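Here's the structure, in structure tokens; my notes come after.
Note that these values count all heavy atoms, side chains included, but never hydrogens, waters or copies made by symmetry. Atoms within each ligand, like the ligands themselves, are counted from 1 in listed order. Predicted model only: the values in this text are computed from it and were never measured.
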Amino acid sequence: MTVALIGVNVSANNLSLLHFFTAILNPLKKLEELRSRRWFADTGMRGFAHRQRMQQQGWRREDIMARPMVAIINTWSDLSPCHAHLRERAESVKKGILMAGGYPVELPAMSLGEVMVKPTTMLYRNFLAMEVEELLRSLPCDGVVLLAGCDKTTPGTVMGAFSMDIPMIFCPAGTMLNDRYVKNGVSRTVGAGTHTRMFWDDYQAGELDAAELQHLESRMTRAPGTCNTMGTASTMTGIVEALGLTLAGASSVPAMDSAHTRMATACGERIVGMIWEDLKPSSLVTRGSFQNALAVQMALGGSTNAAVHIIAMAGRLGIRLGLDDLDAMARQVPVLANLFPSGDRLMEDFYYAGGLPALMKVIAPFLSLDERMVSGQTLAQTVAQATVLDAEVIRPLDKPVSQAGALAVLRGNLAPDGAVIKPSAATEKLLCHTGPALVFDSQAEMLAAMADEALECTENTILVLRNAGPVGAPGMPEWGNLPIPKKLLKLGVRDMLRLSDARMSGTHYGTCVLHISPESAVGGPLALVRTGDVIELDVSQRRLHLQVPETELASRRAAWRAPKPLLQRGFTRLYQQHVTQAHEGCDFDFLQGNQASPEPVIY
Ligand code: FES
């Protein structure tokens, strides 16, 4: 069997033909066993009404009665620019489903455009997961194609589909195109996110004028698709590919490449075969698949956000994964993908270099190669067909992008349940640093202080932000990359040690200790830190320590009062009552575990 690989011109028709004949000649699942038959084969009045209403939309009775129904969960919206092309892609997916003998239905879901949603899309990741699970549960879906990619939409849709446990395939939105910026005759590659912060700091320091900034505003994100740096979007789609849930190479295809359209069609074809084969997440994804996903995260130099998402996704299949698993993998697998913010290239370059299958071929010694993919192949068969086409972008094991890993898990009296840092995107000398804390209780207070040119601080000061965790913010926003104080920016300082219970955008860089757990709003030790206290970080020892005697901490703890919740109603209240801590993945306590989502009662 063959599959569509990056750089290899293999027709997806091979897939559809194979699965067409599998379905017709030797289906594992029989037509009468399809989930959708509970609706359409019903001999009572309800079945009569269900068939009636589908024919109202122009479908023929024989289509409804003979084909599996395939949902396309589409996270398109007018306020989700990374997904601007997903309505067109949904049409390509439908084409594939029809060609393979299925019956496509498109279901819109919360789009979660990362840059637009306030206070943070993370507040709604679990909302999207619930929406996907309930859409699939309440409607006559036999399988699903997930169309997503912008940061939280990947874990959100996958978590929901895992809980529903029907055949699924993930169709990544694809990344946006590169841009180039010319200054003083020097041209350089510019990508989303990483350069947004770089240029903003240059502007604050007076090194970039307003006209240049306005020009960049119109250029830096010049095409539909997800961020083209190794931010959370590309990290998560890479992880989902490593879990075996996409077609080979799918996570690296640029959104505006015609290969992306063909990949979408191939997803539609393949899901029909998966339905007949009854290939569900619970039978496809194992602990070994998650180990592969961790290895890929580290080799990509992936976003720290993956730490919460991957633990939450594993939890939905009842697979226990913890921060120690991530740290152990980070110690073994070096950063090999030369991509911002750890390196200096963009996702389009990664695609030309061979994409994720080529990277997985390089890290094959760390992978569980017997794991199966949605294609029906093993991972070993998939990577055997891959080739590294540019060793400057996908480095060999003996020439990593960074000696420091993509992730380190820290512990100590300041983070008993753990905290994370991305050493490969940090300043090396700050990875072992001791200094006085400057503490902020809210983002507003912190931002006002950073703009104050009289702020008392030096480059050795450790900036601390609290009340920014899952419960405290709420939603654990990406505030952890605290801006550098304006007065220090003007002196040329571009990095400082920063600590918080928040997250950081995967596109950003800097020496930022994140996800401190338990968070301050539930009484974690971060709540006890005072300005002037000395904090010690030693990444090589995985140590984060507050140099305050335990007796003093005990008296501060006795005096501590939990902050009042900001909102008393709606989804935010539900979120604050049920969200778990960062080291547990921030899923809702009532959604963790692998109990099957119950089938609805049908009247
Ligand atoms: Fe959508 Fe970065 S804003 S992927």
Run M496 and L488 through side-chain contact (heavy atoms from CB on, under 4.5 Å) and show every step you take. CA-CA 10 Å; M496 295 169 72; L488 296 179; 3.6 Å; yes
If you apply the rule side-chain contact (heavy atoms from CB on, under 4.5 Å), what do you find for D344 with N338, and how did you get there? CA-CA 6 Å; D344 61 8; N338 181 14; 3.0 Å; yes
Between L146 and I169, does the side-chain contact (heavy atoms from CB on, under 4.5 Å) criterion hold? Intermediate values first, please. CA-CA 6 Å; L146 303 170; I169 190 165; over 6 Å; no
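Ring planes of F199 and Y181: perpendicular class, angle over 60° (limits at 30 and 60°).
If you run side chain to side chain contact (heavy atoms under 4.5 Å, CB included) between N292 and each of L243, L379, I239, only L379 comes through.
Closer than 2.8 Å to atom 1 (Fe) of ligand 1 sit the protein N, O or S atoms C82 SG, C150 SG.
Using modelled atom types, one finds no donor on one side chain facing an acceptor on the other under 3.5 Å when comparing H515 with R503.
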